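These values consider heavy atoms only, across backbone and side chains, with no hydrogens, waters or symmetry-generated copies. Computed from a predicted model, the values in this text were never measured in an experiment. Below, chains carry the letters A, B, ... as their sequence lines are ordered, and counting in each starts from 1.
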Amino acid sequence: MSHPDFLWRDPDPKPAYDVVVVGGGGHGLATAYYLARNHGITNVAVLEKGWLAGGNMARNTTIIRSNYLWDESAAIYEHALKLWEGLSDELDYDLQFSQRGVLNLAHTLGDVREGRRRVNANRLNGVDAEWLDADEVKKFCPIVDVSGRARYPVLGGTLQRRGGIAKHDHVAWALARKADAYGIDLIQGCEVTGFEIARGRVLAVETTRGRIAAGKVALAAAGHTSVLAAEAGIRLPLRSHPLQALVSELLEPVLDCVVMSNAVHVYVSQAHKGELVMGAGIDAYTSYGQRGAFHVVEDQMAAALELFPIFSRARVLRTWAGIVDVSPDASPIIGRTPVDGLYVNAGWGTGGFKATPGSGWVYAHTIAEDEPHPLAVPFALDRFTSGALIDEHGAAAVAH
Amino acid sequence: MMLLDCPFCGPRDENEFHYGGQAGVAYPEAPGELSDSEWAAYVFMRDNPRGWFHERWFHALGCRTWFTVERHTVTHEIRKAP
């Protein structure tokens, strides 16, 4: 028996690169891939302090959708969704991308108004969206309790049929393999500890494996972005929180769509293997501890059982948490920073996985051209000074 | 579940409290003279350290006292703010 071929090399860092991407998660890998694919930039290193895609890329609930309220968000998330639709073919890897439909339930008259408004806004932006009344919800997802006696009465819901899930590990492996094939160095066990900056321009990164010179440095470090940016003297409007999720033991197929409930902080799908995958709201406090409190999970389970009485005998297999970087308007921060040659892509908070290819696409453009991609322009850091916020707390679906 | 030491009620479970974020963020002394970027700093920018952090907690389901603790954001260890 011989070991199967490795999907990527495990190189040591070279002394210098044109672009150093900090963070080997989904967004970092997608950025590296599109730097090569779209811009011909291949003298690139992706530095990962742990192992590839072992942070939030390994911990998310894999939901993909683009039904955001505002034009700016709809444009960037829909760009990502369109890329997802061709990504398995392009990367020559089965990402198990399954457009099984994402249902967002409405439990109050306020939810109904907000949901219908979002459906209309989505349609105006070319994003597929439908409003379902309670009977139609029942038809689409028969195991949801829509009875009048329900603790959280279901008054209707929005449906994006093109939404769904993908296999997060496959996404990371497929992007890593393609990036590696372009000659990009994916360097694991290499933590960035500081930056060498002279006359307002970044020259190199200091790492646990020595100094690496860089023409450009691109942060893609999710929950740890504030810590890195502080080393470069940059303050960002981000707060890091644990976001918990869990899976049940393996079950026969029982749920063939994604169901989210903004009001009760539950989102659930059934993975291909058979586990129910559920996510909660964030733990309220600042933390880098990659774990959260049990009462958050308990509240989430209580709500899930009210919506899905059939789950009452399912058992939790494991729970975990990732550290998410939450921005004040629940929208990402993408673009240049006050330091020349240093770029930021952060603040995706609880919803970064769905954006992986779109984020990588616009970030690679921003780095290559030293000019924000048109879709990234509204997400620049200066919106917190100008006041042009993109408030997506309603569409983010997770309590912040 | 963390155990937080309310100065009035003593140690209580975390879910009796609401989180108040960074401690010591004072309202600007001369708000009329602030630039846009100074306003942005006051409204949106907060410390987000990996390590010890001074933060506010509110005993919402108890005596309703606001108080400050120092907590480590990796270990969640708590010590009284000096």
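When every heavy atom of B:A40 is checked against every heavy atom of A:F384, the shortest pair comes out as CB-O, 3.2 Å. Here the closest non-hydrogen pair linking B:M45 and A:P237 is SD-N, 3.5 Å.
Counting non-hydrogen atoms of other residues, nucleotides and ligands closer than 6.0 Å to CZ of A:R151 gives a total of 12 or fewer. Counting heavy-atom neighbours within 6.0 Å of B:W66 CH2, excluding the residue itself, gives a total above 12.
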Test B:F44 against A:L238 for side-chain contact (heavy atoms from CB on, under 4.5 Å), laying out the working first.
CA-CA 8 Å; B:F44 296 121; A:L238 297 174; over 6 Å; no
Show the numbers, then the answer: is there a side-chain contact (heavy atoms from CB on, under 4.5 Å) between B:W57 and A:Y285?
CA-CA 10 Å; B:W57 286 87; A:Y285 46 78; 3.8 Å; yes
Evaluate B:Y19 against A:T286 for side-chain contact (heavy atoms from CB on, under 4.5 Å), listing each step before the verdict.
CA-CA 9 Å; B:Y19 186 59; A:T286 302; 3.2 Å; yes
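For B:E38, no part sits under 4.5 Å from any heavy atom of chain A, backbone or side chain. With a threshold of 4.5 angstrom between heavy atoms, A:L236 approaches chain B through N, CA, C or O but not through any side-chain atom.
In this structure, A:R239 CZ and B:N48 CG are separated by 8.5 Å, a value rounded to the nearest 0.5 Å. Taking CG of B:D47 as the reference point, atom CZ of A:R235 lies at 4.5 Å (rounded to 0.5 Å). Once rounded to the nearest 0.5 Å, the distance linking NE2 of A:H295 with CE of B:M2 reads 7.5 Å.
Distance alone, capped at 3.5 Å, places no donor-acceptor pair between the B:R50 side chain and the A:S287 backbone.
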